[in-house]
Number of protein chains: 2
Amino acid sequence: MKKTGRLVIPRKTIYRLSIYLRCLARLKENGIGTVSSEALAKAAGVKPTQLRKDLAYFGTFGTRGLGYDVTELSKKIAEELGTSSLQPVILVGVGNLGLALLSYRGFEKEGFEIIAAFDAEPRRQRDKKIKQPVIGMEQLPEFIREHNVKMAILSVPAAVAQTVANSLVESGIMGILNFAPIVLTVPEDVMVNNVNLAIELENLSYFIQG
Amino acid sequence: MKKTGRLVIPRKTIYRLSIYLRCLARLKENGIGTVSSEALAKAAGVKPTQLRKDLAYFGTFGTRGLGYDVTELSKKIAEELGTSSLQPVILVGVGNLGLALLSYRGFEKEGFEIIAAFDAEPRRQRDKKIKQPVIGMEQLPEFIREHNVKMAILSVPAAVAQTVANSLVESGIMGILNFAPIVLTVPEDVMVNNVNLAIELENLSYFIQG
DNA sequence: AATTTCTTGTGAAATTTTTCACGAACGCTT
DNA sequence: AAGCGTTCGTGAAAAATTTCACAAGAAATT
């Protein structure tokens, strides 16, 4: 019926799959075993048809007249996202924001672990709460290769962000979560996700004043 | 040619306008007075036509054959975004992430100031580096009304996020930058921007294993 | 002042994304 | 086991967004 011809899944759909996964986790915690596309969509803040379309990109998991098995659907989405295995991540730039991200526990329970942090001045590590080692930048390439790290969080000042990014890419990093407020130029096969909190605020402020 | 009919500007365009604004600021710092759509688009990571289309939503600012005046275009975009005036913001939930955001200086120079933080247990304010007062949640509604605050950063645990959001909205908050990993339900005229770092990482990890 | 060169602004086309509409499949009830 | 009520899966339609193509306007040049 459905040829499984590895269709390219849009980026937006992937993003929503992550959201569905979190909603499903909450449902599971509450002991709910089955959920309709309508209920799950509502929890995720989307329309039911969009949810179904999103799932249709990589399979059919529901039971008509009943809905989706929460556990099974979770498993399938996690599988598709490749979230099943824990991914090591490094953080570069231990300034205010970097330090903040290091002390943030939120990543761990979501399958990511920041295994080390790097900074041009590793000594300025004052905060005792963080458990990760802060290492000098000169050891960055070696560390990445040795530990086969593929993802990095970049929280260095804008002025050096591109230079550091180049170094990351050269050492084998394939995905960068970029907090520096500039657009990074990287090879096509390297993925960059930008997070700019000031822009998010600016965005809000625009829409609330109409 | 001249249709000043207050066209609705798409959300994506608004987001990009913020990016253009930052690129322009950098150009200005470097003493560049004029820029073509091609150059600015490249700096912003978009296509030239998209840049021009984005600008066309609210006016025509360029000179054909020459490009855009950096200072003038900055001013026009800032005006359109309403970024000209400084916006007071409060932060709710001084946990790991909240504390991190408080100590992050990045907002100030972008026109936003976190004027106060709120937490159920305001006492646990250990960090001396933050300058904002940490106030008990019971004073939240009064503070919002008194200071006429319209925007809030929400960094409380998921379990209480909706409850807190309700309280914020009731007190007059119109825009929420939500870090809690749930989808908030709010009235239509209230704007929510979600930031979920775990999802961003998950997203990266998907595309790099292709 | 005419010509060339450049770059904008924009209607139209192309593409992407979302929504609709409805047939098909399943559980439940009788 | 037949009928009823639900809810999924999906092709088609609609809407939104991006890209194209090129005329038009302005500066630079001869």
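Values below: every heavy atom of this structure, side chains too, minus hydrogens, waters and symmetry copies. Here the structure is a predicted model, which means the values were calculated and not measured.
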Do the side chains of Phe112(A) and Ser205(B) get nearer than 4.5 Å, heavy atoms only? yes

In whole angstrom, what separates Leu51(B)'s CG from dT7(C)'s P? 14 Å

Taking C-beta and beyond as the side chain, do Lys76(A) and Leu55(A) meet within less than 4.5 Å on heavy atoms? no

Nearest-nucleotide wise, let me know which of Thr63(A) and Lys53(A) is further upstream toward the 5' end of DNA chain D. Thr63(A)

Option passing side chain to side chain donor-acceptor pair (under 3.5 Å) with Ser37(B) (candidates Lys53(B), Arg52(B), Lys42(B)): Arg52(B)

What is the distance, rounded to the nearest whole Å, between atom CZ of Phe61(A) and atom P of dA25(C)? 18 Å

What is the separation between atom OH on Tyr57(A) and atom C1' on dT10(D), rounded to the nearest whole Å? 12 Å

Just so I know, are the side chains of Leu27(B) and Leu40(B) near enough to count as touching, which here means a heavy-atom distance under 4.5 Å? yes

Heavy atoms within less than 4.0 Å of DNA chain C: which residues of residues 42-50 of chain B have one? Give them sorted by number. none

Which nucleotide in dT8(C), dG9(D), dT17(D) has an atom nearest any side-chain atom of Arg52(A): dG9(D)

Atom pair distance, as rounded to whole Å: CG in Leu55(B) and P in dG9(C): 7 Å

Nearest-nucleotide wise, let me know which of Lys12(B) and Arg64(B) is further upstream toward the 5' end of DNA chain C. Arg64(B)

Just to confirm, is there a sub-4.0 Å distance from OP1 or OP2 of dT8(C) to any side-chain nitrogen or oxygen of Ser37(B)? yes

Can you tell me if Arg16(A) touches the phosphate of dT18(C), counting only side-chain N or O atoms and a distance under 4.0 Å to OP1 or OP2? yes

Distance, nearest 0.5 Å, that separates OG1 of Thr71(B) from NZ of Lys28(B): 4.5 Å

Which is true for Arg11(B) with a 4.0 Å heavy-atom rule: it touches a base, it touches only sugar-phosphate, or it touches nothing? nothing

Spell out, as yes or no, whether a donor-acceptor pair under 3.5 Å connects the side chain of Thr13(B) to the backbone of Asp54(B). no

Using OP1 and OP2 only, check whether a side-chain N or O of Tyr68(A) sits under 4.0 Å from dG9(D). yes

In whole angstroms, the gap separating C1' of dC8(D) from CG of Leu66(A) amounts to 10 Å

What is the distance, to the nearest angstrom, from the CD atom on Glu38(B) to the P atom on dT19(D)? 15 Å

Would the number of heavy atoms belonging to other residues, nucleotides or ligands and lying under 6.0 Å from CD of Glu142(A) be above 12? no

For Arg22(B), give me all partners under salt bridge (Lys or Arg N to Asp or Glu O under 4.0 Å), at least two apart in sequence or on another chain. Glu202(A), Glu110(B)

Have a look at the helix from dA1(C)-dT30(D) to dT30(C)-dA1(D) and give the angle its two end axes make, five pairs each, rounded to 10 degrees. 10°

Does the side chain of Asn166(B) come under 3.5 Å of the side chain of Gln162(B) through a donor N or O and an acceptor N or O? yes

Whole-Å gap separating P (dT16(C)) and CD1 (Ile9(A)): 16 Å

